[in-house]
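Worksheet: one structure, shown below.
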Amino acid sequence: MTCAGVGPSLVAVARREPPTALSSAAVGTLVCGCLGEKGPSGQERLKRRPWAAYVVAAGLLASPVHAADHNNLDAGRPLRFDDAEPLALREQALEVGFGAGWPRRGPLGAGLQAEYLYGFALNAHLSVGLDPSVGGRSESGDTGVSAGDLSFGLFHQLRREIRSAPAMAVRWDAALPTGRGSRGVDLRLRGILTRTLSSPRAPGSRLHLNFDLGLATHPGRGERQLNPGLVIGYSRPLGYPRRFTRTGLAELAVQAGPESGTGPVVSLGLGLRQQVGVRSVMDLGIRSDVAGINGAPRDRLRLVAGYSYGF
Amino acid sequence: MKAFLKQGGLLVLAALVVADAGGAGAADAPPPAPPRELPALPSNLPGWLDSKRSDRVFHKRGSFNFAVYGLKPLARDLNAVTVGHAMAYEDLVTGKASTLETRTFDRIDWILKNPPDLMPDEAAISPTFGRLYGVLEQVFDWTHVLHAQTVDVLASKKLPEAEKDRKIEGLWKYYFESVPYAITPLPMNMAFLDGQPYSGAFRKRYPKVNGLFWGYHWLQGVMYDALYRVPAIDQAASYALIGERYHTAELHRTDRPFMPMFAETSPRFAARFPQIANAFDNLHMLHDMVNDILASEWMTKRQKEQQIKRAIWLVSAAAHRDEARGDRREARGDRREARGERREGRGEGQEGQEGGMHDHRFFEGMPGMGLMKGMPPALMWMEGQGWMSMADCHHCTMPLWSGKDEWRNPTVSAEGWTMRVRCALCARDMSAETKGKAILRIPTEDPYRLLVVYADDQGMKGNMPGAVFLEKEGSHAGCDDWSRAFTGRAAFDAFVKQHPEYLGAKPLSFEEWAQRQGEKPDTYVKPDGPSENPYEEGR
């Protein structure tokens with residue numbers, strides 16, 4: 001991605017964006033990084049590891065919790081943060097998303113994200129995701145069709161919210177280089193805190209903290225092998241106390257630049273999750289990188305639309 | 001970068017912890033010294049009572065899931081019930097108890113009149129309650145899943161009627177075995193559960209909201225017989241009447257002496273699935289106990305937490321795992337003592353006697369209903385109806401069908417109650433004696449084809465145009481034989497062929513049958529109970 005000299009894989013990992021360009025992260029990645037600003041060296045690196053972005057994207061897709069409730073938040077649907085709730089035991093969910101990214105430089109990118117989640121144990125679920133894409137990709141500049149990287153995730157809740165202590169969870173993600181031009185495995189560890197805010201004006205609103213640490217097993221020259229990030233998310237049910245089908249989301253994310261020497265990328269996002277059926281939710285999101293320190297690559301805009309179904 | 005992240009993370013963490021200030025704070029204010037002695041929390045309670053995780057289990061899979069949405073008015077009313085409970089609990093624990101009867105009631109009432117199309121996320125409505133009483137919320141949630149899924153099975157248009165019983169048995173097994181949060185399927189002594197030092201606090205202080213809660217419980221009971229073995233095509237018509245009654249009368253009653261019991265509202269289902277009826281009554285009683293604890297301002301926050309934990313334990317399946325329906329006292333004390341669950345305070349100190357925690361007797365003829373205040377097993381007292389035997393027909397006092405023939409008992413639902421009777425004539429004539437609208441559910445020769453009759457001042461309408469009736473009136477000692485409904489003429493003829501005593505009996509059409517009125521039953525006896533009104537005693 002990077003556009004700017006930041007190692008794409010790291011960005012990807014760190015952002016955990018779904019591989020396709022378009023899910024929030026995906027889009028971000030795709031578009032962003034890549035299509036955006038990339039110098040020759042960066043471009044070269046990106047060519048080597050386009051999957052990284054996918055991995056990231058996959059991570060986002062792979063989300064937690066009752067995917068089928070508007071108030072349960074999974075990364076990628078539509079913003080990049082998770083809440084600390086796992087799927088219920090034996091619950092399954094399918095999440096699909098379409099994303100489009102508008103990089104600062106380069107053509108538009110588009111992608112699909114698909115992910116399957118399964119609550120295999122109490123307080124834990126597994127996820128498998130794939131994110132085919134086409135058009136501009138941040139990591140490689142390649143505009144061809146890619147099947148995307150295959151990603152696997154494990155989410156584990158450590159504790160629920162108790163009194164004033166936040167709920168805590170961790171998730172591990174690994175993305176295999178199955179996409180076009182991908183290489184090496186990208187890993188990510190995410191720590192998640194979720195805390196309900198006791199605001200009489202915004203009942204049910206929650207704050208979410210996601211701490212990320214990405215590890216690229218085969219980083220390119222100049223790329224960071226370890227890539228930390230932080231996402232602060234906010235969610236609030238809308239329409240209360242008369243309507244109970246919609247949640248608004250916002251996020252502020254800070255992600256280390258993927259390439260050594262670049263500063264962090266700061267991005268903002270807004271999203272909406274709308275319950276459309278007993279077990280189905282549609283989501284819409286928009287994100288933009290508002291600052292890239294020391295030449296870190298930025299995205300102009302990313303749009304995401306998705307659908308989640310629990311069963 | 002590292003410094004930035006570290007600093008930012010710490011700031012946000014601090015914000016997370018501090019952000020709660022307003023929440024349960026008001027409820028934390030030191031209350032006055034406890035004026036009443038509270039039962040101690042048993043020692044050696046199982047670890048799950050202190051679980052710090054969500055521990056959620058998904059619905060058992062099946063084609064029936066969410067079939068209740070095929071009956072939209074019922075689904076929407078149930079969605080509103082969820083909101084109502086959650087709003088009240090949240091306001092109780094966030095210092096808004098003083099406006100429970102006004103603002104909270106109005107908010108809930110609006111929802112009940114404008115019910116949501118989809119099930120709301122309860123956790124988003126009562127987040128503070130969930131943070132304070134997470135395990136209680138899990139117990140509620142898990143039993144609500146059983147509630148929802150059994151109704152889905154009954155409302156399913158895909159499942160054959162004969163398959164529904166098996167599915168419900170499977171749901172019970174899933175509920176009971178998946179996680180430790182199950183409520184006991186044994187009948188509990190309601191007088192014991194409602195005889196705690198805090199009992200009655202909520203209903204006295206918040207009669208309107210309590211009326212709503214008990215109205216929900218009425219709906220959550222009555223809907224089962226409204227759907228059980230009622231053909232899917234007729235369920236909407238059944239719920240139209242039930243829903244009307246719910247909204248116009250049951251929801252806003254403040255004069256009930258006790259919460260509606262499941263078997264009072266759905267005796268056919270309760271007799272078939274007593275374990276589920278008992279679990280739902282025990283769940284509803286847990287709701288009441290929690291309401292009372294939260295409404296008892298003389299208790300400290302710590303005491304409330306302990307008493308809520310104890311209340312969960314009292315009705316949990318784990319606390320009664322070596323016991324059986326009908327047990328009346330501590331029968332296996334040694335084993336329980338070995339588990340450290342014996343003699344743990346005043347409440348449990350009663351366990352060696354009838355009427356305590358381990359009193360699992362039930363009303364004769366109704367294994368799905370635990371004993372209630374001042375009532376012996378032989379007789380139940382119902383408001384407006386007085387004393388009655390649940391083993392006998394409420395119209396002619398003759399014994400109801402029992403055992404494998406239990407399904408042959410018709411029921412009459414009117415004015416908020418549902419009674420079992422012995423024959424089609426008893427159902428018809430009993431409904432004629434009541435005011436307003438009534439629903440009669442009359443079994444035919446086929447256990448899975450139920451004749452549903454809607455009666456009002458204008459007459460009767462049935463769901464089975466070809467139904468034929470035998471009615472050769474005599475003493476009610478034999479009414480289970482001479483008064484019967486059949487799905488058609490062929491079934492009638494087959495019955496008569498096997499019962500020559502009815503040769504020559506006229507097969508009555510539905511219209512002919514509906515116009516008739518029998519003699520006053522020669523067998524009827526009004527039972528005398530031990531008191532005029534057990535709820536008035538000791539007041």
Side-chain angles (χ1 to χ4, degrees), chain A residues 65-66 69-72 84-92 119 122-123 157-167 193-200 203-207 209 211 228-230 232 235 237 240-245 247 254 256-257 263-264 275-279 293 310-311, chain B residues 1-2 4-5 8-9 11-13 15-25 51-61 65-66 68-69 75 79 82-83 87 90 94 96 107-108 110-111 114 116-128 130-132 134 137-138 145 178-179:
Chain A
V65 194
H66 305 38
D69 187 281
H70 65 97
N71 202 39
N72 289 312
E85 282 296 318
L87 256 64
L89 174 64
R90 302 188 192 103
E91 181 179 15
Q92 299 178 71
L122 276 177
N123 309 304
Q157 185 194 50
L158 302 173
R159 60 177 285 155
R160 59 180 162 77
E161 267 194 271
I162 299 176
R163 296 188 185 89
S164 56
L193 297 176
T194 290
R195 173 72 166 82
T196 304
L197 305 176
S198 299
S199 164
S205 57
R206 296 185 296 163
L207 200 55
L209 265 186
F211 301 94
L230 169 69
I232 304 169
S235 63
Y240 182 94
R242 297 197 165 183
R243 301 279 180 268
F244 309 92
T245 57
T247 295
V254 181
Q275 196 86 33
V276 292
V278 180
R279 298 294 296 168
I293 312 298
F311 57 99
Chain B
M1 181 63 182
K2 282 181 184 172
F4 174 83
L5 287 176
L11 280 173
V12 180
L13 265 179
L16 280 172
V17 173
V18 173
D20 185 38
S51 172
K52 296 188 177 351
R53 297 184 180 178
S54 293
D55 293 343
R56 301 199 189 283
V57 180
F58 193 59
H59 293 205
K60 182 174 170 62
R61 301 200 174 283
N65 275 330
F66 310 111
V68 70
Y69 283 90
N79 292 344
T82 296
V83 177
M87 280 182 172
E90 185 67 5
T94 53
K96 301 190 187 98
R107 260 191 296 140
I108 295 174
W110 189 93
I111 297 294
N114 301 273
D117 288 335
L118 299 170
M119 179 60 79
D121 176 15
E122 208 169 341
I125 303 169
S126 54
T128 314
R131 295 198 326 256
L132 293 174
E137 196 174 57
Q138 286 163 344
V145 167
S178 292
V179 281

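Labels below follow one simple rule: chain letters A, B, ... track the order of the sequence lines, proteins then strands, and each chain is numbered from 1.
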Under 4.5 Å to a heavy atom of chain A? For B:Ile125 that would be both

Part of B:Gln138 within contact of chain A (heavy atom distance under 4.5 Å):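 When you check distances to chain A, only side chain atoms of B:Gln138 fall under 4.5 Å.
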
Taking the side chain from [X] and the backbone from [Y], do they hold a donor-acceptor pair closer than 3.5 Å?
X: B:Arg131; Y: A:Arg195; answer: no
X: A:Arg160; Y: B:Ser51; answer: yes
X: A:Gln275; Y: B:Leu118; answer: no

[X], part contacting chain B, at a heavy-atom distance under 4.5 Å:
X: A:Leu122; answer: side chain
X: A:Arg243; answer: side chain
X: A:Pro237; answer: side chain

For B:Val57 and A:Ala88, which heavy atoms make the closest approach, and how far apart are they?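 Scanning both residues completely, I find the closest heavy atoms to be C-CB, 3.8 Å.
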
Of all the heavy-atom pairs spanning B:Ser54 and A:Asn123, show the shortest one and how long it is.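 In terms of heavy atoms, the two residues are closest at N-OD1, 3.4 Å.
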
Once you round to the nearest 0.5 Å, how far does CG of A:Asn72 lie from CG of B:Asp121?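 Interatomic distance, A:Asn72 CG to B:Asp121 CG, rounded to 0.5 Å: 6.0 Å.
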
Using a cut-off of under 4.5 Å on heavy-atom pairs, state which of B:Val83, B:Asn65, B:Asn114 scores highest against chain A.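 With the most close heavy-atom pairs to chain A, the winner is B:Val83.
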
I want to check something: taking the side chain as every heavy atom from C-beta on, are [X] and [Y] in contact at a cut-off of under 4.5 Å?
X: B:Ser178; Y: A:Arg90; value: yes
X: A:Phe244; Y: B:Ile111; value: yes
X: A:Arg163; Y: B:Leu132; value: yes
X: A:Arg279; Y: B:His59; value: no

Take B:Arg61 and A:Gln92, measure what side-chain contact (heavy atoms from CB on, under 4.5 Å) needs, and give me the verdict at the end. CA-CA 10 Å; B:Arg61 301 200 174 283; A:Gln92 299 178 71; 3.1 Å; yes

Counting heavy-atom pairs under 4.5 angstrom with chain B, the leader among A:Ile162, A:Val278, A:Thr247 is A:Val278

